[in-house]
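The residues of the chain are indexed from 1 along the displayed sequence. Only a predicted model underlies this, so the values are computations on that prediction, with no experimental measurement involved.
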Amino acid sequence: MDLLSDLMSTPGLPVLILAAFVAGMVRGFSGFGTAMVFLPAAGQVVSPIWALTIMGIMDMIGPLPNVPRALRDGHPRDVVRLAVGLIVALPIGIALLSLMAPDVYRYAVSTISLILLVALIAGLRYRGRLSKPLIYGTGAIGGFLTGSTGLAGPPVIMLYMASTHAASVIRANLMLYLLCADALMVVLFAFWGLITLTPVLLGLLVAVPYLLANMVGAAIFNPDKEKLYRWVAYAIIATSAIMGFPIWD
């Protein structure tokens with residue numbers, strides 16, 4: 001009972017719940033955006049390690065109802081290649097994260113989110129062939145960003161958005177890759193003794209609204225309105241990133 005009471009009295013819990021719900025909606029209908037929405041908001045109320053732990057736990061649970069569809073629509077072999085690159089670079093990113101002060105982390109997450117968002121909107125894409133080495137390398141870049149900031153998705157998004165794959169394939173690959181990124185991040189956090197019970201429980205708690213929002217977002221996804229969903233996601237990400245800067249405190 002004391003543990004539950006302490007959990008419910010966590011400073012900023014309403015912010016975490018709201019951020020999780022909005023991130024779930026964006027993830028459900030776009031296939032990406034969880035970290036870019038959740039982390040700038042979470043970084044305002046909890047430490048960087050807590051923010052990433054909470055997100056990792058909830059993000060391993062939230063997309064689960066959509067995994068069977070992603071496995072049908074996606075290219076699992078490419079996801080495995082991305083995951084191999086992720087494993088190689090993730091520990092380097094985590095080592096950097098352990099040296100960051102909370103305000104530095106918040107500036108880093110918000111700034112990187114905005115830079116990557118501008119790149120996405122500007123149409124910065126890889127235009128060449130999706131070779132195996134390129135996919136491994138992109139996974140590694142995502143792994144470094146996962147460990148240092150939690151932003152695993154944008155490098156992979158920019159790689160795939162210019163490909164000839166259908167929107168459903170891109171969305172499925174992103175979903176599976178991000179699920180791998182979250183799971184590996186949490187495993188390494190635990191291995192290095194960076195995880196405590198409270199953020200794990202908070203992750204399970206906010207996973208409920210995140211899961212519900214994921215299901216709603218996936219239900220309203222319509223491939224014919226992909227551009228509309230993408231611009232809605234961009235607007236939400238921009239708002240979250242701007243509000244995440246410490247200057248608003």
Side-chain angles (χ1 to χ4, degrees), residues 19-20 23-24 26-27 30-43 46-63 67 70 78-100 102 104-117 119-120 134-160 170 173-195 199-200 203 207 210 237 240-241 244:
V26 172
R27 177 69 175 275
S30 69
F32 69 95
T34 295
M36 297 173 78
V37 173
F38 181 78
L39 290 177
V46 295
S47 71
I49 295 293
W50 275 38
L52 289 178
T53 301
I54 293 168
M55 185 196 72
I57 296 296
M58 77 173 194
D59 208 23
M60 285 191 291
I61 297 172
V67 167
D78 278 355
V79 176
V80 170
R81 295 183 183 108
L82 290 169
V84 170
L86 178 82
I87 293 170
V88 172
L90 182 58
I92 302 172
I94 293 176
L96 179 61
L97 174 68
S98 67
L99 302 175
M100 284 191 199
V104 173
Y105 173 79
R106 289 176 59 186
Y107 274 117
V109 168
S110 290
T111 301
I112 293 173
S113 293
L114 288 175
I115 290 173
L116 293 173
L117 180 61
L120 289 171
L134 179 65
I135 295 173
Y136 285 122
T138 303
I141 295 172
F144 175 77
L145 288 176
T146 298
S148 57
T149 64
L151 300 171
V156 181
I157 294 167
M158 285 186 279
L159 176 70
Y160 274 103
I170 296 173
N173 279 7
L174 282 172
M175 184 173 297
L176 295 172
Y177 164 73
L178 292 173
L179 190 60
C180 290
D182 290 321
L184 291 170
M185 180 182 67
V186 170
V187 167
L188 284 181
F189 275 10
F191 179 76
W192 284 345
L194 298 175
I195 290 183
V200 171
Y210 180 66
I237 289 167
S240 180

Colleague: Quick one: list whatever passes side-chain contact (heavy atoms from CB on, under 4.5 Å) with Tyr136, sequence neighbours left out.
Modeller: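 Partners of Tyr136 by the side-chain contact (heavy atoms from CB on, under 4.5 Å) criterion, ordered by chain and then number, come out as Arg81, Val84, Lys132.
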
Colleague: Please give me the minimum heavy-atom distance between Gly203 and Met58, naming the atom from each residue.
Modeller: O-CB, 3.6 Å

Colleague: Measure the SG-CG distance between Cys180 and Leu82 for me, rounded to the nearest 0.5 Å.
Modeller: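 It comes to 9.0 Å.
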
Colleague: Would you give me the side-chain donor-acceptor pairs under 3.5 Å for residues 88-97, sequence neighbours excluded?
Modeller:
none

Colleague: Ser110 and Ala241: which non-hydrogen atoms are nearest, and at how many Å?
Modeller: OG-O, 2.9 Å

Colleague: Please find the pair of heavy atoms, one from Thr138 and one from Pro155, that lie closest to each other, and give the distance.
Modeller: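 Closest pair (atom of Thr138, atom of Pro155, distance): CG2-O, 3.6 Å.
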
Colleague: Quick one: list whatever passes salt bridge (charged side-chain N to carboxylate O under 4.0 Å, His left out) with Asp182, sequence neighbours left out.
Modeller: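 Not a single residue meets the salt bridge (charged side-chain N to carboxylate O under 4.0 Å, His left out) criterion with Asp182.
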
Colleague: Locate the shortest heavy-atom distance separating Gly56 from Met185; write the atom from each residue and the value.
Modeller: CA-CE, 3.9 Å

Colleague: Hey, can you pull the donor-acceptor pairs under 3.5 Å for the side chains in residues 139-152, sequence neighbours left out?
Modeller:
residue	atom	partner	partner atom	Å
Thr146	OG1	Gly142	O	2.6
Ser148	OG	Phe144	O	2.8
Thr149	OG1	Leu145	O	2.8
Thr149	OG1	Leu151	N	3.3

Colleague: Would you list the pairs meeting side-chain hydrogen bond (donor to acceptor under 3.5 Å, both in side chains) in which at least one residue belongs to residues 49-59, sequence neighbours left out?
Modeller: Arg27-Asp59, Asp59-Tyr210

Colleague: As an exercise, state the distance from CG of Leu114 to CE of Met36, rounded to the nearest 0.5 Å.
Modeller: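 It is 8.0 Å, given to the nearest 0.5 Å.
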
Colleague: Going by side-chain contact (heavy atoms from CB on, under 4.5 Å), name the residues that satisfy it together with Ser98, two or more places apart in sequence or in a different chain.
Modeller: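 Ser98 satisfies side-chain contact (heavy atoms from CB on, under 4.5 Å) with no residue once adjacent residues are dropped.
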
Colleague: Quick check for you: to the nearest 0.5 Å, what is the distance between Leu52 atom CG and Tyr105 atom OH?
Modeller: 4.0 Å

Colleague: Minimum heavy-atom separation for Ala181 to Leu86, with atom names?
Modeller: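 Scanning both residues, the minimum pair turns out to be CA-CD2, 3.4 Å.
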
Colleague: What distance do Thr34 atom OG1 and Met55 atom CE have between them, rounded to the nearest 0.5 Å?
Modeller: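 Rounded to the nearest 0.5 Å, the OG1-CE separation comes out at 7.5 Å.
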
Colleague: Using 0.5 Å steps for rounding, measure from the CG atom of Asn173 to the CG atom of Asp78.
Modeller: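 Interatomic distance, Asn173 CG to Asp78 CG, rounded to 0.5 Å: 6.0 Å.
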
